[in-house]
There are 2 protein chains.
Amino acid sequence: MDQRAEHILDCIINQYVTTAEPVGSRALSKLLEMKLSAATIRNVMSDLTDMELICQPYTSAGRIPTDKGYRYFVNKILAIEETKEDTKPIKSLQESTQGQSKQLPQRFEDILLAATRELAQITNCTSVVMSPQPAVSRLKKIELIPLSLTQVLVVLIMQSGMVRNKIVHFRETPSETFLTRLSHILCVYFEGRTISEIRTSLIEKLSQNSETNQESLPLAIRLGKKAFDIEDQGDLYIFGRSNICGFPEFSSQQTLEIIFRAFDDKQALVSFFSDVMDIEGVQIRIGNENKTHDLDQCSVLATSYGNKENLLGSIGVVGPTRLNYSEVISAIDYSSQKLSLAVSQFLD
Amino acid sequence: MDQRAEHILDCIINQYVTTAEPVGSRALSKLLEMKLSAATIRNVMSDLTDMELICQPYTSAGRIPTDKGYRYFVNKILAIEETKEDTKPIKSLQESTQGQSKQLPQRFEDILLAATRELAQITNCTSVVMSPQPAVSRLKKIELIPLSLTQVLVVLIMQSGMVRNKIVHFRETPSETFLTRLSHILCVYFEGRTISEIRTSLIEKLSQNSETNQESLPLAIRLGKKAFDIEDQGDLYIFGRSNICGFPEFSSQQTLEIIFRAFDDKQALVSFFSDVMDIEGVQIRIGNENKTHDLDQCSVLATSYGNKENLLGSIGVVGPTRLNYSEVISAIDYSSQKLSLAVSQFLD
DNA sequence: TTTAGCACTCACTTAATAAGAGTGCTAACT
DNA sequence: AGTTAGCACTCTTATTAAGTGAGTGCTAAA
C-alpha cells in the first residue's frame, strides 16, 4: 500500500465525513496539496476500489469509503493514539469537575445520566452508558426487608454508591428478627467483597457461622443465594436518540425503525458494552462488524470507565459509519475519564 | 349537530384510522349502511368542515379528521366508558397475573419496565410509565451510609418496594454511630408516613426527641432535610420508540427528530404524566392540545395506577393522532389495572 | 509514470402530459 | 325541504421525455 494512496484514502474519508457526498477525482485533485491531475487520482482510486477500501454507489459516481476503508483508517488513528501519552486532559478535567461538584447532590444513576447527556451533546450521536456490573461491585451493606408474607426486598448497597434492589419470593415466611440477624451476619462476613466472590463462598461461610442455629441454616442459604443472584450485566442508559435522526444516511424511516429497534432491544448493545470492559482503550465496531444486522449501518464505539479493582462500566456512542472517528474517540476518552473521576470520588 | 352527521363523522374517523388515507364522499356512500348518495354526504361533509371537525389536505381531496374532530369523537367514547361498570377485566387479570407471578423475582423497576413493554406491544405505540412519586410514597426504612468523609449515601426504602438513593454532600463529617442512631430514630418516627408528610414534621419531631443530644441536633436536622428533599416527580420509563417510526404520518425524518427530542427531554411528558394522577380515568391530549409544540402531531394518553393511599404513578402511550382511541384506551386501562395489581401485592 | 482528451454512464432535474379521485354547484326529483 | 344526478373544475400523483452535469474508464501522448 502506497503512501500516496494512503493519503488519498485519508482525504476521501475526511471529505466524505464532512460532506456526506461521494467525492470525485476532480474535486480531490483540487483539494490535495500535492499537485496531481484528476486522471492520476483516478488511477489510484481504481486501486483503492480493487482493495475494497472505497466504492461507488453507482457507476460514474464519486467514491465513498467502505466499512473496510473506515477500519483501515481507524486502525491508523488508534495506533497513533496508543503512542502518545495523554496525562494532560485529566488535569483540566479535575478542575472542571471540581467546579461542578457543588452543583447538586445526585443519585448514583444521575451521575451516569449526566455523563450520557454530555457525551451525546458533544458527539452529536446517541450515547450509551452501562452502569457498573453488579457482579464485580463490592458490597457495602445488605438489607433484608419483609414486604409481604412470602416476599423479601433485598437491597444491596455497593461501595461505589450504587444501590440495587430486588424482590425475592418464598414459600415459607422468614421472621423479621431472622432477617435482621441474617443481614447483619452477611454484612460482617462480606463487606468489601464482590458479589461474585460472595456467591462462591456463601454456603461455606454461612455453614461455618456458629451464630446461625442449625434449623434455620437451610433457609438462610436459600435466601442468601437468591439475594446475591443478580444479573451480571449493568443497566444501559441511552440518550440522544434524536441526534440519529439528523444524519442524511438515515433519512428513510425504515432505517430509523431498525436502529431504534436495536435501541429498544438493548441486547446487542449490552453484549458489546460488556465485551468492551475486558480490553483497554476505545473499542470500535464499524458497520457490518457489528454482530447484529440491525446496526450494520452504524458504528459503535465504547470504552470502559472506573477503576479496575472497584467498579467497571462502559461508555460510548452509536452513530453512522460516517463519523469523525478521531474526534469521537477523544470525546469518549474524555467522558470516560470524567465519569471515572465522578464515580470514584466515593471510594476512599 | 345532527345524528346523521355524527354518524358520518364516526365513519370518516374509523376509516381514516385504518387506512391513513383521506376519505371521499363516494367511498363513504358505499361504506355506509344507511343508503345515501355521495352528493348528500358531500353536503354533510361540507357542514362538518364548517364546524372544523374535518378538513381536506388540499382542494378536492377526501376529508381527514381535525384534532377538534378527534376530540369530539373521543369525548363520546369517554362518556360511554364512564357509564358501564367494568369489573370483569380485573378478574381475568388476576388469573393471568397469578400465572406469571412465579416467573422471576424482579426489581421494582423491572415490574414497571415489563408493563411498559407489554403496553407498547399491544398498542403498537410508544409507551410511557412514570414511577410512583417519591413524595407521596410511604417510608419503610431509611439507611444512612457514609461514603467518604463529606458524603453520605441516603437509601430510602418505601413500603411499595420502591427504593430511592441519593448522595448528600456535607461540610462536616458525621460519625458512623451518629448516622446509625439517626437513621434508627428516623425509622421509628416516620415509618409509614409519606415523604412529604415527613418533610413538614421533620424539625418538630427531631427537636422533641430526647435521645438526640443538643449539640448534634442541628446536624441531624440538616441531614434529615437533605435526605428527604427528593424530587417530587417519578422517573419516566419509555419503551417502543421504534413503533413510532412505522406510521406513515411520521415518514419525514424531521418529524421523527422532533418527537424523539421530546422523548429525550421528558419535560413535557413528565408534566402531563403528573397531571394525570390528579384525575380519575384515562386522560387524553390530542395533537395541538399538547402543551409542547413538539408533540402537536401526536396524541398522548395516560391514566394513573396504584392505589390512592399508598402509591401513585401513571402509565400511557404516545402515538399519532390517528389512533384507534377506543382500543388504546382499553389497553391503557388494562395495563393500569394489571400494574396496580403487580405493585400493590407488596402492600399488606 | 503522469497527464490530457474523449466517449460513456448514470442520477438528478425539469417539464409536460395523462390519469384519477374528489369536490362544489346547479338543477331536477321526491 | 331534503335528496339526488350531472358536470365542470381542482389538485395530486404517476409517467414519460429530455436535458444537465458530475464522474468514470480507457487510450494515447508527454
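Proteins come first, then strands; the chains are lettered A, B, ... in the order of their sequence lines, and each starts at number 1.
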Crowding at CZ, A:Arg261 (>12 non-hydrogen neighbours, <6.0 Å): yes
N/O donor-acceptor pair under 3.5 Å between B:Asn290 side chain and B:Leu295 backbone: yes
Rounded distance (Å) that lies between atom P of D:dC26 and atom CG of A:Asp47: 12 Å
Sugar-phosphate only, base, or nothing, as touched by A:Ala39 at under 4.0 Å among non-hydrogen atoms: base
Residues in contact with DNA chain C, drawn from residues 12-29 of chain B - heavy-atom cutoff 4.0 Å: B:Gly24, B:Ser25
Interatomic distance where CZ belongs to B:Arg42 and C1' belongs to D:dG2 [whole Å]: 16 Å
Check ion pair A:Asp264-B:Arg117 (N to O, under 4.0 angstrom): no
Distance, rounded to the nearest Å, where B:Arg63 contributes CZ and C:dG22 contributes C1': 9 Å
B:Gln3 atom CD, neighbour heavy-atom count above 12 within 6.0 Å: no
B:Thr40 side-chain N/O to D:dT3 phosphate OP1/OP2 under 4.0 Å: no
A:Asp2 CG to C:dT2 C1', straight-line distance once rounded to whole Å: 14 Å
Exam field: side chain B:Thr126 to backbone B:Gly240, donor-acceptor pair closer than 3.5 Å: yes
Rounded interatomic separation in angstrom, taking CD1 from A:Ile41 and C1' from C:dT3: 12 Å
Sugar-phosphate only, base, or nothing, as touched by A:Thr59 at under 4.0 Å among non-hydrogen atoms: sugar-phosphate
A:Ser336 (side chain) donor-acceptor with A:Thr303 (main chain) under 3.5 angstrom: no
Pair B:Thr49, B:Arg63: side-chain N/O donor-acceptor within cut-off below 3.5 Å: yes
Main-chain N/O of B:Leu236 paired with B:Lys266 side-chain donor or acceptor, under 3.5 Å: yes
Spacing between A:Asn43 atom CG and C:dA4 atom P, to the nearest angstrom: 13 Å
Atom pair distance, as rounded to whole Å: CG in A:Leu31 and P in D:dA22: 16 Å
Stem regions touching DNA chain D, defined by at least 3 consecutive Watson-Crick or wobble G-U pairs below 3.5 angstrom: C:1-30 with D:1-30
Nearest non-hydrogen partners of A:Phe247 and A:Asn124, listed with the distance: CZ-O, 3.5 Å
Per A:Ser60 side chain, nearest of listed nucleotides D:dA22, C:dT23, C:dT2: D:dA22
Atom pair distance, as rounded to whole Å: CD in B:Gln56 and P in D:dC11: 10 Å
